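Read the structure below first, then the notes.
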Amino acid sequence: MKQRPRGAGAMNILILGSGGRAHALAWAVQQNPKCDRLWMAPGNPGMAALGECVAIDIEDAAAILKFVKQKPIDFVIIGPEAPLALGVSDALRAADILTFGPSKAAAALESSKNFTKQICDAAKAPTAAYRHFSDAQSAKTYIAAQGVPIVVKADGLAAGKGVIIAEDIQAAYSAVDNMFAGEFGSAGAEVVIEEFMEGEEASFFVLCDGKNLLPMGSAQDHKRVGDGDSGPNTGGMGAYSPAPVLTKEISEKALHEIIRPTMAEMRRRGIPYQGVLYAGLMIKEGQPRLVEYNVRFGDPECQVLMMRLGAQALDLMLATAQGQLNTAKINWADDHALTVVLASQGYPGAYQKGSEIKGLDDMAFDSKQMVFHAGTKQDGTTLRANGGRVLNVTARAETLSAAQSRAYKLLEKVDWPEGFHRTDIGWRAL
Ligand code: AMP
Ligand code: GLY
């Protein structure tokens with residue numbers, strides 16, 4: 001790894017995660033002179049170029065704590081939701097380790113849809129009308145009374161798959177039956193039935209230090225697998241930032257009507273939120289409504305945010321963890337970033353692992369173009385696909401259309417016949 005002299009205030013940093021989001025976080029953090037040594041658990045082959053990857057189970061708080069004390073690590077950044085929902089940040093903070101990411105109690109904003117709905121009710125935040133059920137019959141009676149389209153959601157964490165948008169009554173009933181039959185495991189033991197909201201979706205990222213808020217930026221994901229937003233939902237097939245649909249006026253509205261009241265309600269309940277709050281918004285006729293909260297950066301939205309923020313991402317995450325967002329500032333350049341996800345053929349359904357990926361070694365990466373690894377595996381000198389979403393080809397430019405051209409041009413150099421991608425990332429804004 002790169003050795004730098006340990007300057008005043010330089011820190012040993014640990015990033016938890018292994019996907020494209022974690023790679024982008026590591027790429028940005030490592031550019032900041034405050035980062036002395038960087039560890040990543042478990043990391044991925046792309047991240048290995050930025051520091052040292054260690055095979056620790058990121059859901060095992062005791063193992064992480066042991067590693068953190070041994071090195072010692074000064075700052076831990078938690079990437080995905082699973083360790084947050086398990087309370088890894090609580091364990092670290094209890095040991096006085098500076099940590100970026102909400103407590104287990106606050107992470108319920110993502111791990112329990114019913115909790116979020118209750119908070120929204122108390123905060124009077126605009127969101128879809130809903131009811132919460134723990135048996136199939138009452139859920140179906142409610143669906144019959146509401147009519148379709150209607151949204152059926154497993155209450156707990158289901159890797160983004162526990163949401164069914166039902167166009168007809170039978171589909172809604174089957175979704176209810178499947179959830180109670182255990183399709184999403186314990187996440188579906190309780191079900192939320194929600195009004196279907198029309199509009200355009202955007203992701204709004206806000207940093208919160210328990211007391212102060214700092215709106216970070218916007219992005220738009222592409223959830224459907226196919227061009228023109230066709231086919232089933234995925235974890236996200238591409239993203240760009242900023243999202244013009246989230247105008248200054250609508251962002252202010254979202255802050256004023258949704259995010260500030262939510263954070264105030266969390267504080268009132270004694271569970272202040274510290275970390276990045278990702279508000280999924282549905283925007284119609286100038287009015288934002290909350291679709292969902294996530295308690296971490298979006299993946300692949302993080303990749304475009306990090307490409308635009310660069311080194312200052314570390315300062316912002318530190319200010320968040322230290323409760324100093326009141327003095328923090330973001331210097332946004334007037335630029336645009338776009339990322340295209342390369343996925344294994346078959347994703348989001350069944351797909352093969354292990355095919356060889358070529359072409360990356362000959363590519364030049366800099367602050368304007370980068371390929372983040374999402375699901376890859378190093379096999380000797382060969383890079384292999386090892387997941388559904390495999391690479392994130394990411395570019396930055398002065399306009400969105402130039403960022404799009406740069407990303408797709410870079411993508412042509414990836415030699416991986418077993419992969420596929422959408423050809424229209426950014427279409428809504430272009
Ligand atoms: P969630 O896991 O809650 O983010 O839902 C996944 C996706 O389903 C969202 O990003 C939306 O595209 C869609 N969705 C969820 N809830 C609703 C709703 N009430 N109305 C319309 N679309 C929804
Ligand atoms: N890209 C959607 C998510 O991270 O939840």
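This one's a predicted model, so the numbers in the text were calculated from it and none came from an experiment. Indexing begins at 1, ligand by ligand and atom by atom, following the structure's order.
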Full working for side-chain hydrogen bond (donor to acceptor under 3.5 Å, both in side chains) between Gln352 and Gln345: CA-CA 8 Å; Gln352 301 271 320; Gln345 279 172 28; over 6 Å; no
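- The pair Glu301-Arg296 does not meet the salt-bridge criterion, since no charged nitrogen lies less than 4.0 angstrom from a carboxylate oxygen.
- Proximity annotation for atom 15 (C) of ligand 1: of Glu194, Lys153, Glu292, Lys153 comes nearest, heavy atoms only.
- No N or O atom of Lys223 sits closer than 3.5 Å to an N or O atom of ligand 2.
- In the vicinity of Tyr278, heavy-atom distances shorter than 4.0 Å reach the ligand 2 atoms 2 (C), 3 (C), 4 (O), 5 (O).
- Ion pairing between Asp155 and Lys113 fails under the 4.0 Å rule for side-chain N and carboxylate O.
- Looking at ligand 2, you won't find any N or O of Gly298 less than 3.5 Å from one of its N or O atoms.
- Under a 4.0 angstrom heavy-atom cut-off, Glu198 registers as lying outside contact with ligand 1.
- Using a 4.0 Å cut-off between charged nitrogen and carboxylate oxygen, Lys253 and Glu249 do not count as a salt-bridge pair.
- The nearest non-hydrogen atom to atom 6 (C) of ligand 1, considering only Val192, Thr116, Val163, comes from Val163.
- For ligand 2, the atoms sitting less than 4.0 Å from at least one non-hydrogen atom of Glu301 are 1 (N), 2 (C), 4 (O), numbered in the order shown with element in parentheses.
- The distance from ligand 1 to the heavy atoms of Phe196 drops below 4.0 Å at these ligand atoms: 20 (N), 21 (C).
- Between Tyr293 and Tyr278, a ring centre-to-centre spacing not shorter than 6.0 Å is recorded.
- Near Arg296, with a cut-off below 4.0 Å to any heavy atom, the atoms of ligand 2 are 3 (C), 4 (O), 5 (O).
- Between Tyr408 and His421, the ring-plane angle classifies as tilted under the 30° and 60° cut-offs.
- The ligand atoms of ligand 1 that sit less than 4.0 angstrom from a heavy atom of Ile165 are 13 (C), 22 (N).
- With respect to Glu194 and Lys153, a salt bridge is recorded, a charged nitrogen being found less than 4.0 Å from a carboxylate O.
- Close approach of ligand 1 to Lys113 is summarised as follows: ligand atoms under 4.0 Å from at least one heavy atom of the residue are 2 (O), 3 (O).
- A salt bridge does not link Asp366 to Lys368: none of the charged nitrogens lies less than 4.0 Å from a carboxylate oxygen.
- Short contacts between ligand 2 and Gly235, defined as distances under 4.0 Å to a heavy atom of the residue, involve ligand atoms 1 (N), 2 (C).
- Checked against a 3.5 angstrom limit, the closest N/O atoms of Met197 and ligand 1 fall inside it.
- A salt bridge is absent between Lys104 and Asp90; no separation between the charged side-chain nitrogens and carboxylate oxygens falls under 4.0 Å.
- Residue contacts with ligand 2 do not include Gly236, since none of its heavy atoms lies under 4.0 Å from the ligand.
- A salt bridge does not link Glu412 with Lys409: every distance from a Lys NZ or Arg NE/NH1/NH2 to an Asp or Glu carboxylate oxygen is 4.0 Å or more.
- Checking only distances, Asp221 does come within under 3.5 Å of ligand 2, N or O to N or O.
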